[in-house]
There are 2 protein chains.
Amino acid sequence: MATMRQVAARAGVSAKTVSRVVNNDPHVLPETRTRVTEALRELRYVPNALARTFRAGGAPVLGVAVPDIADPFFALVAKAVEDVAAAHDTSVVVSSLGYDPERERGALESLLRRPLSGLVVAPTSPDQGHLARWTARMPVVFVDRPPRGLEADTITGDDHGGARMATAHLIGHGHRHIAFVGDSPQVPTTADRLAGHRAALAEAGLVARDELVAFRDSDDAAPGRLVQRLARSSPPPTAVLSADARTTMALVPELAGTSWAVVAFGDFPMADMLSPALTVVDQDPAALGRLAAERVVERLGAPEGSALRRTVLPVRLVERQSCRAEAHAAGLFPFSAPELDTSVSRVEPPGGAASRRCPDASA
Amino acid sequence: MATMRQVAARAGVSAKTVSRVVNNDPHVLPETRTRVTEALRELRYVPNALARTFRAGGAPVLGVAVPDIADPFFALVAKAVEDVAAAHDTSVVVSSLGYDPERERGALESLLRRPLSGLVVAPTSPDQGHLARWTARMPVVFVDRPPRGLEADTITGDDHGGARMATAHLIGHGHRHIAFVGDSPQVPTTADRLAGHRAALAEAGLVARDELVAFRDSDDAAPGRLVQRLARSSPPPTAVLSADARTTMALVPELAGTSWAVVAFGDFPMADMLSPALTVVDQDPAALGRLAAERVVERLGAPEGSALRRTVLPVRLVERQSCRAEAHAAGLFPFSAPELDTSVSRVEPPGGAASRRCPDASA
DNA sequence: GGCGCGCATGTCATCGGTGTCATGGCGTCT
DNA sequence: AGACGCCATGACACCGATGACATGCGCGCC
């Protein structure tokens, strides 16, 4: 914990000279340098990074706040942010917010008490109005989920379009009774996906049956129960759209007992190794994180920058096996459903959708 | 970007009074307070967190450096560290080091240039001697992998014991030719697991066949090739021990074409949903991270603390299906192997091994 | 009326490193 | 020889907030 001045005193020089030695300034006599170096070693001097940083006017630090850093989706988001940050010599402070709105606020505020230059946040709480105080001071970009009670830059996946595509895909396989299972209708992401699902049903002239929609935050939320309840409805579904990866992971074990076709929103490691391999709507979390971080960096560079933007990233349907359980296998259709699928080719262009942005929609 | 003095000038008071208002010091006349508050708002004053922190002598910040934050294993480690940190009002800076030794060093050094109070690191490079400079200044705890070229606190899983147990388990199922696949023999973790594997073979009086050991960092490392090469050996293996989760994930698709039994080192999400469900040696990454973070916090509290410790956490065998492919299914044994398995009950005590520590071994 | 106390506010120093400029010695060029 | 310039080094200010202590006013009490 020795300071530069202490070292200076010991070496019989001024603090400035010590500074020069520490920073390899060539304008120091070899003999002086030796003396200082020795004092440095004797006192085990290590420069105080904080003082340096402070003097330098602050180093860039990017905050990443996600519900759970151990969730593969958010881990990929965080990693992408980190990659961008590293390329700009910026460090990254992460904070797991959890899924409890009150904890979220507390965690965010203690994160924001630190010296941050920008923030990428994926909130779950119903209101982020309290962040207004900070959006003035630093770039705050919302990722995966839009802010509520606040205007801010946003990078999200195409929830509505993705769910619509997924459901249309199942309809293309002949399914007429398609369940929807998600975490909570409060989460805007889930709400959008449900809307997309319903839009696809409507476009196909199918009725949206409320009893085929289930949420894991409801009273009777054990995954097994949810599946049982869906199976008991009449007619029972022949397919299910799982609205997010956490839900999917909870659901997969229960689905083994059914012959339902499945499309899941959100890819995850090993989804292709399940039996059957899961057909998923992939959101490209890395692109989400990368764009969010780049947006922050951009705003850092151009202080009173441009208007706020909401970017929606295309999603892509990764067709594997789980959507193939044909509707007639459940005895409802005497024929194999024709392949009506226009959605895949429509939304997944050859170049790989993930690398392109949708045109921005300015607010 | 307004400073306190600017606000003070505007409000016609001293900076100190502004400070008092900002910090809710009661000794300020209501009228003054109002004037200051107004100036505060007009200038959009936000306290400079860095200056505050600096003046306060620094806030605790814990660094976490892992090869890849998006790897489920390290994500869990990081999350556990974060939880501990949050409980101590400490923020967490993460850095993904990558798997390239040179990049690792660069990333570590740029992480350490920041004001950190402690570090939890899982290195992959063959030498961390360059960290010696920092271990003097702050607690550095190695997690999952021990340091090389340096002495430091270490929290690791019981690699040797776990691999020995896994191989013994396979032997118990009647297997006599057991392959070992890992990332690289350079990684101490992998080396220890290979040693454990060999120890189990030796204990059972089996020969360790070098051609049944394969690494992904070798020349011909595509997982498909590795599996083919193993299958071509004679006699071919009837079981395989995968030495780490990344290897396992790469291997699983290739293993589908074989009837080999599998035990994998390292659990991961959905491992239980594969077909067959993977039998794994679970390392409890959360406990690893938690203990490492607690060790750092502890050392932070007791500056010139106790001797350096190496803690080895027990691992536990999670028996699922993939170890059940009996040896005779490959036509090598005319009888169903007797269940010799003592290893499971020996190493997985009722209370759950993960919650206990092995006695520390002082260095 | 004088003494003292409480309260609002200000001044100054400080955290630790570093940028800016000053100083003084010595070598060199004309 | 005088002027100039380079070099090693130092003194001092400063980044921005805040703790310690000082000042000065007003009020109450003996």
Side-chain angles (χ1 to χ4, degrees), chain A residues 1-61 112-117 136-138, chain B residues 1-40 43-61 112-117 133-134 136-138:
Chain A
M1 292 310 191
T3 76
M4 229 170 215
R5 285 175 235 280
Q6 293 173 289
V7 176
R10 196 143 183 20
V13 297
S14 77
K16 183 68 217 192
T17 300
V18 177
S19 168
R20 281 192 257 263
V21 171
V22 169
N23 296 324
N24 285 317
D25 186 316
H27 299 294
V28 178
L29 282 189
E31 192 270 334
T32 311
R33 182 180 301 275
T34 316
R35 246 182 26 252
V36 171
T37 309
E38 190 146 336
L40 245 20
R41 190 156 22 79
E42 285 170 1
L43 294 179
R44 288 201 177 69
Y45 172 80
V46 185
N48 179 332
L50 198 58
R52 265 222 255 252
T53 304
F54 170 57
R55 168 76 222 216
V61 179
L112 286 162
R113 259 202 307 279
R114 314 283 168 172
L116 288 186
S117 15
R137 170 147 179 88
M138 65 177 82
Chain B
M1 292 303 198
T3 77
M4 224 167 219
R5 283 175 237 282
Q6 292 174 291
V7 176
R10 197 153 190 6
V13 297
S14 76
K16 182 69 216 192
T17 300
V18 177
S19 168
R20 281 194 256 263
V21 171
V22 169
N23 295 327
N24 285 318
D25 187 315
H27 299 293
V28 178
L29 281 190
E31 191 270 335
T32 311
R33 182 180 300 275
T34 317
R35 246 180 29 251
V36 171
T37 309
E38 190 145 337
L40 245 20
L43 293 179
R44 288 203 177 72
Y45 173 80
V46 185
N48 179 331
L50 197 59
R52 266 219 254 251
T53 304
F54 170 57
R55 176 112 232 288
V61 179
L112 286 163
R113 259 201 307 277
R114 316 281 168 174
L116 290 185
S117 16
R133 177 162 159 55
W134 299 99
R137 170 146 179 89
M138 66 176 83

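- Between B/V22 and B/M4 the shortest side-chain heavy-atom distance falls below 4.5 Å.
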Show me the protein contacts with nucleotides 15-20 of chain C, counting only N or O atoms at under 3.5 Å.
unit_1, atom_1, unit_2, atom_2, d
C/dG16, N7, A/R5, NH2, 3.3
C/dG17, OP1, A/Y45, OH, 2.7
C/dG17, OP1, A/N48, N, 3.2
C/dG17, OP2, A/M4, N, 2.7
C/dG17, O5', A/Y45, OH, 3.3
C/dG17, N7, A/R5, NH2, 2.8
C/dG17, O6, A/R5, NH2, 3.1
C/dG17, N2, A/R55, NE, 3.4
C/dG17, N2, A/R55, NH1, 2.4
C/dT18, OP1, A/R52, NH1, 2.7
C/dT18, OP2, A/S19, OG, 3.3
C/dT18, OP2, A/N23, ND2, 3.3
C/dT18, O2, A/R55, NH1, 2.9
C/dG19, N7, A/K16, NZ, 2.6

Which pairs, protein N/O on one side and nucleotides 23-25 of chain D N/O on the other, fall under 3.5 Å?
none

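- Looking at every heavy atom in both residues, A/L43 comes nearest to A/A2 through O-CB, 3.6 Å.
- One finds the CZ atom of B/R137 at 5.5 Å from the CG atom of A/N48 (value rounded to the nearest 0.5 Å).
- B/V13 comes within 4.0 angstrom of the backbone, heavy atoms only, and of no base.
- The heavy-atom pair separating B/A59 from B/T53 by the smallest distance is N-CG2, 3.3 Å.
- The salt bridge (charged side-chain N to carboxylate O under 4.0 Å, His left out) pairs that include a residue from residues 6-17 of chain B are B/R10-B/E42, where partners are two or more places apart or lie in different chains.
- Five base pairs at each end of the helix from C/dG1-D/dC30 to C/dT30-D/dA1 define two local axes, and these are offset by 60° (rounded to 10°).
- For the side-chain contact (heavy atoms from CB on, under 4.5 Å) test, residues two or more places apart in sequence or in another chain that qualify with A/R5 are A/T3, A/A15.
- A/R114 is linked by a salt bridge (charged side-chain N to carboxylate O under 4.0 Å, His left out) to B/D89, counting only residues two or more places apart in sequence or in another chain.
- In this structure, B/P115 and A/L50 approach most closely via the heavy-atom pair CG-CD1, 3.7 Å.
- Between B/A8 and B/S14, the shortest heavy-atom contact is CB-C, 3.5 Å.
- Between A/T17 and the phosphate of D/dG10, there is a side-chain N or O to OP1/OP2 separation shorter than 4.0 Å.
- Across every non-hydrogen atom of A/P47 and B/R133, the tightest pair is CD-NH2, 4.3 Å.
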When the side chains of residues 27-39 of chain A are checked against the rest of the protein, which donor-acceptor pairs come out under 3.5 Å, sequence neighbours left out?
unit_1, atom_1, unit_2, atom_2, d
A/E31, OE1, A/R35, NH1, 3.2
A/E31, OE2, A/R35, NH1, 3.2
A/R33, NH2, A/D25, O, 2.7
A/T34, OG1, A/P30, O, 2.6
A/R35, NE, A/A11, O, 3.1
A/R35, NH2, A/A11, O, 3.2
A/T37, OG1, A/R33, O, 2.5

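- Contacts between residues 33-40 of chain A and DNA chain D, defined by a heavy-atom separation below 4.0 Å, involve no residue at all.
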Write down the protein N/O and nucleotide N/O pairs, taken from nucleotides 5-8 of chain C, whose separation is under 3.5 Å; answer none if there are no such pairs.
unit_1, atom_1, unit_2, atom_2, d
C/dA8, OP2, B/H27, ND1, 3.0

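- Checked against side-chain contact (heavy atoms from CB on, under 4.5 Å), A/N23 has the following partners two or more places apart in sequence or in another chain: A/S19, A/R52.
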